[in-house]
Amino acid sequence: MLTHVCVWWELGANLIVGCEPFLVLSHSSIPSRADLLFSRETRRETAMAKDILGEAGLHFDELNKLRVLDPEVTQQTTELKEECKDFVDKIGQFQKIVGGLIELVDQLAKEAENEKMKAIGARNLLKSIAKQREAQQQQLQALIAEKKMQLERYRVEYEALCKVEAEQNEFIDQFIFQK
């Protein structure tokens with residue numbers, strides 16, 4: 001049984017066990033679980049060896065594998081990695097949502113632009129109809145003025161003709177009475 005075993009880890013095909021002097025054991029002489037149950041003294045030595053290795057920047061994980069990083073730092077790194085993955089996933093979902101929203105806003109903008117163009121066209125049509133009515137009204141007023149002038153000429157001519165008729169009738173009456 002090993003009495004001064006503090007730590008052990010695999011290195012290639014050999015198992016390195018050590019506290020003070022490191023012993024190299026072959027795979028055939030790997031201690032069993034029962035052999036590795038340590039006494040209090042061995043546990044103290046194990047704790048001291050872990051402290052020494054910890055000061056050197058070497059740590060053991062829960063599977064007793066030698067690690068360069070402290071298990072707590074490794075755990076935090078793993079958690080950070082998972083949080084980053086979740087964050088990237090959420091950003092991807094956000095980008096999809098924003099992309100859909102941008103598409104919707106673009107579609108609504110196009111529809112609004114079409115409606116705006118229709119409204120501008122309708123307004124221009126109303127303006128042109130109003131201008132056409134105004135022009136037509138001016139033409140009709142000019143025609144009315146022309147017809148009034150023509151009516152006045154006809155009235156004057158009628159009066160003149162009535163005067164001529166009256167004179168001719170008077171002349172005829174005088175002529176008939178003189179004969």
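Numbers for residues simply follow the sequence, beginning at 1. Fair warning: this is a prediction, and the values are worked out from it, not measured in the lab.
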By salt bridge (charged side-chain N to carboxylate O under 4.0 Å, His left out), E165 pairs with (sequence neighbours left out) none
If I take atom NZ from residue K148 and atom CZ from residue R153, how far apart are they, to the nearest 0.5 angstrom? 15.0 Å
The reported gap from NZ in K163 to CG in L161 (rounded to nearest 0.5 angstrom) is 12.0 Å
Linking Ile, Leu, Val, Met, Phe, Trp and Tyr by side-chain heavy atoms under 4.5 Å, what else ends up with L151? none
Would you give the length of the straight line joining atom CG of N124 to atom NZ of K127, rounded to the nearest 0.5 angstrom? 6.0 Å
Listed by chain and number, what are the side-chain contact (heavy atoms from CB on, under 4.5 Å) partners of L125, not counting sequence neighbours? S128, I129
Just distance, no hydrogens or angles: give the donor-acceptor pairs under 3.5 Å from side chains in residues 98-111, sequence neighbours left out.
none

Only pairs at least two apart or in different chains count here, so list each salt bridge (charged side-chain N to carboxylate O under 4.0 Å, His left out) that has a residue in residues 114-126. E115-K118
With E134 via side-chain contact (heavy atoms from CB on, under 4.5 Å) - residues at least two apart: Q138
For V156, which fellow cluster members are found when Ile, Leu, Val, Met, Phe, Trp and Tyr are connected by side-chain heavy-atom distances below 4.5 angstrom, either directly or through intermediates? none
Among Ile, Leu, Val, Met, Phe, Trp and Tyr joined by side-chain contacts under 4.5 Å, find the other residues sharing a cluster with F171 and list them by chain and number. none
Contacts of type side-chain contact (heavy atoms from CB on, under 4.5 Å), residue R155, not counting sequence neighbours: E152, E159
Apart from L140 itself, which Ile, Leu, Val, Met, Phe, Trp or Tyr residues share its cluster (side-chain heavy atoms under 4.5 Å, direct or through members)? none
Could you list the donor-acceptor pairs under 3.5 angstrom formed between side-chain atoms of residues 73-94 and any protein atom two or more places apart in sequence or on another chain?
{"from": "T74", "atom 1": "OG1", "to": "D70", "atom 2": "O", "distance (Å)": "3.0"}
{"from": "Q75", "atom 1": "NE2", "to": "E79", "atom 2": "OE2", "distance (Å)": "3.0"}
{"from": "T77", "atom 1": "OG1", "to": "V73", "atom 2": "O", "distance (Å)": "2.7"}
{"from": "T78", "atom 1": "OG1", "to": "T74", "atom 2": "O", "distance (Å)": "2.9"}

Spatial distance of atom CZ (F175) from atom CD (Q168) [nearest 0.5 Å]: 13.5 Å
CD (E72) with more than 12 external heavy atoms under 6.0 Å: no
Using the test side-chain contact (heavy atoms from CB on, under 4.5 Å), find all partners of Q141 that sit at least two apart in sequence or belong to another chain. Q137
